[in-house]
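Sharing a structure with you now.
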Amino acid sequence: MDCLREIQGKQAHDPIFIEKMNTSASWRCICVPGPLIVGAGPSGLATAACLKEKGVPSVVLERSNCIASLWQLKTYDRLRLHLPKQFCELPLMGFPTDFPTYPIKQQFVDYLEAYAREFDIKPRFNETVSQAEYDATLGFWRVKSVGVNGKGTEYVCRWLVVATGENAEAVMPEMEGMGEFGGDIRHTSLYKSGEEFRGKRVLVVGCGNSGMEVCLDLCNHNAKPSLVVRDTVHVLPREMLGRSTFGLSMWLLKWLPIRFVDRLLLIVTWLMLGDTARIGLDRPRLGPLELKNLSGKTPVLDVGTLANIKSGDIKVCPSIKRLKRHAVEFVNGKTENFGAIILATGYKSNVPSWLKEREMFSEKDGYPRRPFPNGWKGESGLYAVGFTKRGLLGTSMDARRIAEDIERCWKHEAKHRMAFTRSLLQQPSSDSSS
Ligand SMILES: Cc1cc2nc3c(=O)[nH]c(=O)nc-3n(C[C@H](O)[C@H](O)[C@H](O)COP(=O)(O)OP(=O)(O)OC[C@H]3O[C@@H](n4cnc5c(N)ncnc54)[C@H](O)[C@@H]3O)c2cc1C
């Protein structure tokens with residue numbers, strides 16, 4: 001009975017209310033009465049905040065030692081939000097009014113830190129979730145995490161929110177001769193600034209937003225970048241007709257069909273940037289918005305790279321055939337010397353590596369199988385936030401929906417929980433005097 005009183009007391013203040021050491025002491029078990037959120041990036045924080053606002057306590061597990069580790073640890077110095085700030089706000093708290101339209105990385109991190117403080121979100125850092133499985137007999141999720149010291153913890157919870165992100169692991173392509181190349185090969189997640197590449201010939205592989213921006217950064221630091229373009233790509237100006245291209249597109253889509261908006265965007269782009277195919281950047285057959293909707297492929301928003309390609313400061317190259325000691329051979333038969341290679345080859349979800357569940361998440365790409373806007377909810381109390389391919393706007397929508405859904409169950413179950421606990425506490429018990 002003392003134990004129950006203790007649990008009830010703890011439950012009132014603490015989302016983690018049973019902590020039991022395993023006899024072997026290398027594993028411990030923690031019961032979480034509310035939802036367990038995996039990942040303390042913007043998505044995890046947004047969900048925890050929305051839950052908190054509804055009176056539902058949650059526990060957040062994070063593998064690194066800080067919130068928003070993607071932004072704090074894996075992005076380059078010159079990074080700003082790609083989209084205007086009004087499209088990147090998390091629920092319940094806006095950006096400070098004195099922030100610029102496109103906040104710099106540190107401002108975004110400051111905002112997230114303030115957000116976590118505002119909603120009193122204190123993630124359990126250095127806890128990497130290695131496995132999560134639904135125990136149908138118990139009716140609970142069993143989530144195993146490993147700390148930096150190798151110590152394991154098993155969390156048992158009714159609701160599991162996957163917030164590990166679309167960018168959990170760097171994608172490293174296999175290239176012939178990779179082991180042979182004598183210079184530095186690194187993914188953009190490890191690139192900070194062009195400063196260390198000053199005067200060097202650098203090959204950037206991949207022409208998404210990151211690859212384009214890294215090229216520009218290298219130019220600004222007097223390095224000599226070349227850009228490998230293997231695929232077609234839509235490059236649009238970041239602003240057109242006095243508005244952000246993204247904002248304008250969202251506004252036009254309220255009234256016009258997507259294909260019409262795409263055509264309009266491409267005409268204005270052509271007037272502003274000219275024919276990008278002439279500088280080696282062929283456009284896909286589908287328009288930028290339709291392509292984004294169908295494949296999730298984001299158009300590049302130009303922040304100055306194109307001018308450097310036109311001036312010849314950035315050279316466009318075809319696909320790589322193989323790497324040599326200090327050179328790269330391309331599929332067109334040409335070979336050029338390079339001192340370093342930056343892989344702007346993107347990221348992938350890591351969900352299949354730890355979540356033992358096949359219905360909601362695809363094993364192939366680690367995204368929810370059901371497309372936006374229906375991918376946020378699975379069976380048995382499983383949720384996904386931030387896998388919409390729609391950036392922070394998608395995150396906010398998911399977080400609100402998840403919190404509303406869990407709140408309903410939480411309130412319903414709380415009545416039963418309280419009644420059950422009260423009945424146990426009121427029962428005359430033979431051991432109550434002991
Ligand atoms: C360079 C760059 C610029 C971007 N700019 C914009 C922009 O301007 N606007 C926009 O809307 N979107 C932008 N995005 C998209 C970006 O994905 C979101 O901004 C945002 O970071 C997504 O948040 P998230 O919480 O879903 O994922 P993340 O920020 O990746 O956070 C996931 C967290 O989960 C943790 N984690 C992963 N696996 C585990 C595990 N097994 N156990 C415990 N913790 C784990 C990670 O350490 C990480 O902290 C950008 C992305 C990049 C890479």
Side-chain angles (χ1 to χ4, degrees), residues 36-48 59-90 95 101-105 107-109 111-112 115-116 123-132 143-148 153 155 160-171 187-189 191 206 208-214 217 238 244 246 296 298 300-301 303 344-355 366-367 376 384-399:
L36 184 79
I37 299 170
V38 186
S43 298
L45 297 177
T47 311
V59 170
V60 184
L61 301 184
E62 168 56 49
R63 67 179 170 185
S64 67
N65 60 0
C66 59
I67 62 157
S69 66
L70 175 71
W71 286 84
Q72 300 217 53
L73 309 176
K74 297 181 183 174
T75 50
Y76 39 92
D77 296 345
R78 61 157 287 140
L79 180 66
R80 286 174 173 269
L81 283 178
H82 291 148
L83 304 181
K85 61 178 179 179
Q86 67 268 30
F87 301 108
C88 299
E89 282 176 355
L90 298 188
F95 282 107
T101 308
Y102 297 94
I104 60 168
K105 168 169 100 167
Q107 285 172 322
F108 185 54
V109 171
Y111 164 74
L112 294 174
Y115 190 85
R124 292 169 76 95
F125 292 119
N126 300 311
E127 294 224 34
T128 303
V129 170
S130 54
Q131 189 178 316
V143 180
K144 288 185 177 171
S145 82
V146 184
V148 271
T153 306
Y155 293 87
L160 176 62
V161 182
V162 178
T164 46
E166 299 169 345
N167 303 307
E169 312 296 337
V171 172
H187 189 265
T188 41
S189 54
Y191 174 93
N209 276 302
S210 295
M212 290 283 206
E213 212 171 333
V214 164
D217 192 51
R238 193 175 64 171
S244 78
F246 184 80
T298 309
V300 172
L301 295 171
V303 286
T345 40
Y347 293 89
K348 61 182 180 190
S349 158
N350 67 6
V351 175
S353 70
W354 59 271
L355 183 65
Y367 279 67
W376 59 280
V385 52
F387 292 89
T388 63
K389 296 184 182 168
R390 278 162 179 78
L392 297 159
L393 214 53
T395 281
S396 293
M397 289 172 75
D398 283 346

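This structure is a prediction, so every number in the text was calculated from the model and none was measured. Counting starts at 1 for both ligands and their atoms, in listed order. Any value given below was found using the heavy atoms of this structure, including those in side chains, with hydrogens, waters and symmetry copies removed.
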Among all protein heavy atoms, pick out the one at the shortest distance from atom 27 (O) of ligand 1; state its residue, atom name and that distance to 0.1 Å.
Gly165 CA, 3.6 Å
In the protein, which heavy atom is nearest to atom 29 (O) of ligand 1, and how far is it?
Pro42 CD, 3.4 Å
Partners of Trp71 by ring-ring contact (aromatic ring centres under 6.0 Å, His included), sequence neighbours excluded?
Phe108
re atom 12 (N) of ligand 1, the protein heavy-atom contact at minimum distance is Gly391 CA, 3.9 Å
Spatial distance of atom CD1 (Ile37) from atom CG (Leu61) [nearest 0.5 Å]:
9.5 Å
So is Arg238 actually on top of Tyr102's ring, under 6.0 Å and inside 45° of the axis?
yes
N/O separation below 3.5 Å, Asn350 to ligand 1
yes
Approximate separation, where rounding is to 0.5 Å, of Asn350 CG and Glu169 CD
4.5 Å
Considering Lys74, His82, Glu127 one by one, which has a heavy atom nearer to atom 3 (C) of ligand 1 than any of the others?
His82
So, does Phe87 sit close enough to ligand 1 that a heavy atom of it is under 4.0 Å from the ligand?
no
To the nearest 0.5 Å, how far apart are OG in Ser189 and NZ in Lys74?
6.5 Å
Please work out which of Asn209, Asn167, Leu392 has its closest non-hydrogen atom nearest to atom 17 (O) of ligand 1.
Asn167
Sub-4.0 Å atoms of ligand 1 with respect to non-hydrogen atoms of Ser69
46 (C), 47 (O), 48 (C), 49 (O)
Candidate with minimal heavy-atom separation from atom 32 (C) of ligand 1, of Val214, Thr164, Leu393
Thr164
If we count only N and O atoms by modelled type, under 3.5 Å, do the side chains of Glu213 and Tyr76 hold a donor and an acceptor together?
yes
So, does Glu127 use its side chain to make a donor-acceptor pair with the main chain of Ser64 at under 3.5 Å?
no
Relative to Tyr367, does Lys389 satisfy both conditions: NZ or CZ under 6.0 angstrom from the six-membered ring centre, and within 45 degrees of the ring's axis?
yes
Can a non-hydrogen atom of Ala163 be found less than 4.0 Å from any atom of ligand 1?
yes
shortest atom 35 (C) of ligand 1-to-protein heavy-atom contact is with Glu62 OE1, 3.3 Å
Taking the minimum heavy-atom distance to atom 36 (N) of ligand 1, which of Arg63, Lys85, Glu213 ranks first?
Arg63
Side chains of Thr188 and Ser210: donor-acceptor distance under 3.5 Å anywhere?
no
Using a strict cut-off of 4.0 Å, indicate which atoms of ligand 1 neighbour a heavy atom of Gly39.
33 (C), 34 (O), 35 (C)
Taking all non-hydrogen atoms of both residues into account, name the closest pair between Trp354 and Val129 and its distance.
CE3-CG1, 3.5 Å
Please check if atom NZ in Lys348 has more than 12 non-hydrogen atoms from other residues, nucleotides or ligands closer than 6.0 Å.
no
Rounded to the nearest 0.5 Å, what's the gap from CG on Asp217 to CG on Asp77? Could you check?
7.5 Å
Quick check on contacts: which atoms of ligand 1 are under 4.0 angstrom from a heavy atom of Leu70?
21 (O), 29 (O), 30 (O)
Which of the ligand 1 atoms, numbered from 1, are nearer than 4.0 Å to a heavy atom of Thr128
42 (N)
Atom 13 (C) of ligand 1: closest protein heavy atom, distance to 0.1 Å, is Trp71 CZ2, 4.2 Å
Nearest 0.5 angstrom please: Glu62 CD to Thr128 OG1, how far?
8.0 Å
Contact atoms of ligand 1, heavy-atom distance to Leu81 under 4.0 Å
7 (C), 8 (O)
Examine Val129 against ligand 1 and note whether any of their N/O atoms are separated by less than 3.5 Å.
yes
To the nearest 0.5 Å, tell me how far Arg63 CZ sits from Thr164 OG1.
8.0 Å
Element-labelled atoms of ligand 1 that are located less than 4.0 Å from some non-hydrogen atom of Leu83
8 (O)
Report the nearest protein non-hydrogen atom to atom 9 (N) of ligand 1: residue, atom name, distance rounded to 0.1 Å.
Cys88 SG, 3.5 Å
Atom 25 (O) of ligand 1: the protein heavy-atom neighbour that sits closest, reported with distance to 0.1 Å
Ser43 N, 2.9 Å
Give the numbers and elements of all ligand 1 atoms closer than 4.0 Å to a heavy atom of Val38.
42 (N), 43 (C)
Give me the residue, atom name and distance of the protein heavy atom closest to atom 31 (O) of ligand 1.
Gly41 CA, 3.4 Å
